[in-house]
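In what follows, a single structure is set out as structure tokens and then discussed.
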Amino acid sequence: MAKRITKRSDDYSQWYLDVVKEAQLAEHSPVRGSMVIRPTGMALWENMRNALDQMFKDTGHENAYFPLFIPKSFLSKEAQHVEGFAKECAVVTHSRLKSVDGGVEVDPDSRLEEELIVRPTSETIIWDTYRNWIQSYRDLPILVNQWANVVRWEMRTRLFLRTMEFLWQEGHTAHATKEEAVEETLQMLEIYRTFAEEFMAMPVVTGVKTASERFAGAEDTYCIEALMQDGKALQAGTSHFLGQNFAKAFEVTFQDKDGDHKLVWATSWGVSTRLIGGLIMTHSDDNGLVLPPKLAPRQIVIVPIYRSDEEREMVLAYGESLLNELKEHGIRAHMDTRDTYKPGFKFAEHEARGIPLRIAIGPRDVENNKVEWARRDTLSKEITEREGLGARAAELLNTIQQDLYDRALARRSEMTSEVETYEEFKEVLEQKGGFIYAHWDGTAETEERIKNETKATIRCIPLTEATPGTCMVTGKASKQKVLFARAY
RNA sequence: CGGGGAGUGGCGCAGUCCGGUAGCGCAUUCGCUUUGGGAGCGAAGGGUCGCAGGUUCAAAUCCUGUCUCCCCGACCA
């Protein structure tokens, strides 16, 4: 049977869509730009969520839940913020339908006095709430996160990478001092970096956004930027130092030890289901999805092979014992006992779905007390003794996790360039793509010019040692090289 | 939101130009044979042709509107 997945070299966008579909992660819904996340995709998101949630809890954060609907007036309280989101808000204007010969229509009598906005992000309603929670320095800090869905009315959508409704977490913290808020912002950035690298096996560059790429309402936006296989960058997470902007807009003050009333300092930070898109485009190949073991809903699948009923019974019993041992080692293992598919079909299917390790067992293996392992990432096979199965499995999963990261890092290094002149910059961008470090004079004008002329944007100003130089475009002074790329 | 392409059983497509009452492959169901890399043969089921109007004796096909998807652009996590 023909491959169902378009080759990356033929059409990268189509390949991405094919992988999402064949791995059964998600599909389009009847509503424009909105997706159905299928059980496999949701299980993957849940694993990401659980890991992140634990990291948040370990750093003193608590979960809460704020409403989906935000009064329209709240959005207009912070000027920058409104401007950033005004163009992509879903608005609820009515509260009722009425039946009209066989169908329904909006009941004009049910018009809301004040329209409700479906949250594009929750800063406004949260800060309106925090005003009541905060009186004294003793009430600070407030370290709250919420797991929620948000809606942004996007013009152009792609599964996971940009959908009108998506799942995410948004952390919102309030602090007595600027230093503490900045520290929180950077701490969460570091958590995102750790998560991306250790769980997703996806190397990222941490940095701060330029003014034009900054979150609406933030003083500083920090980010993690990853590089996809096709040489385009993906913003994978953001952490914002909000200064006192929302405190001012929502009049959130506290009485400090010295008796003075002061405005609180704020942060917010988030990652979304977009991470799944990043995960796909970091590791997957022409056979389908490749998942890092730490996040894979199923880490190992056992495929039994048999002819007769006697063989079936024997092989399945052997498989059960393997399954039990794997589970005792805390491994998420599954045996594919479906009787109506041939092993070859199962191999291909589990590969498309990205299960990191496959164990195939047949009558020969049962007789010789062996197992055949197949790694999803390298597509390599080996046969070992059954003895020590659990330990071997754990070791292989660790190796795969590490190898995925190493390969992604090597690819990124290979796809990262450093240039001195604008000519060189344009050439590298056209020929090779990827991350490009170059000097920039720090002005929005130059940034805009580069973007218009090359479609490359400044992904971030990296948080590394700054070596001064001169701007590749204007020749003016530059504090340090910044990271450019074409981006998703 | 602008430009281009596309919507026909679950999936992929032909049929549309030139109107005549829907077909192919895969998948599904049943039977038999199979099973170490996407099984074979036989039989069966399944579609108001995205949706809504219009033209016509007759519409998948022509006209108008509308929704959704893909690609490119502007905007954005």
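Protein chains get the first letters and strands the later ones, always in sequence-line order, with residue 1 at the start of each.
For B:G20 and B:C63, the P atoms lie 15 Å apart once the distance is rounded to whole Å. Using C1' as the reference atom, B:C49 and B:A14 are 13 Å apart when rounded to the nearest Å. When the P atom is compared between B:G65 and B:C75, the two are found 29 Å apart, to the nearest whole Å. Nucleotides B:U28 and B:G12 have their C1' atoms positioned 16 Å apart, rounded to a whole Å. Rounded to a whole angstrom, the distance from the P atom of B:U21 to that of B:G5 is 30 Å. Distance check on atom C1': B:G42 versus B:U8 gives 28 Å, rounded to whole Å. B:A22 and B:C41 have their P atoms separated by 28 Å, with the value rounded to a whole Å. Taking atom C1' on both B:C17 and B:A60, the two are 14 Å apart, rounded to the nearest angstrom.
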Protein and nucleotides 31-35 of chain B: nitrogen or oxygen contacts under 3.5 angstrom:
{"residue": "B:U35", "atom": "OP2", "partner": "A:Arg307", "partner atom": "NE", "Å": "3.4"}
{"residue": "B:U35", "atom": "O2'", "partner": "A:Tyr306", "partner atom": "O", "Å": "3.1"}
{"residue": "B:U35", "atom": "O4", "partner": "A:Arg307", "partner atom": "O", "Å": "3.0"}

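Considering only side-chain atoms of A:Phe345, the nucleotide from B:G73, B:C75, B:G38 that sits closest is B:G38.
Of the residues A:Glu325, A:Glu387, A:Glu382, A:Glu385, the one that meets the salt bridge (charged side-chain N to carboxylate O under 4.0 Å, His left out) test with A:Arg392 is A:Glu382.
A:Leu234 comes within 4.0 angstrom of nothing in the nucleic acid, heavy atoms only. At the heavy-atom level, A:Thr163 lies under 4.0 Å from base atoms of the strands shown.
At a cut-off of 3.5 angstrom, the base of B:G36 holds no donor-acceptor pair with the side chain of A:Lys346.
Ionic pairing of A:Asp285 and A:Arg376 is present here: one or more N-O contacts between side-chain nitrogen and carboxylate oxygen are shorter than 4.0 angstrom.
Computed from coordinates, the A:Lys87 NZ to B:A74 C1' distance equals 10 Å when rounded to whole Å.
Cation-pi geometry between A:Lys232 and A:Tyr488 is met: the NZ or CZ atom falls under 6.0 Å from the ring centre, inside 45° of the normal.
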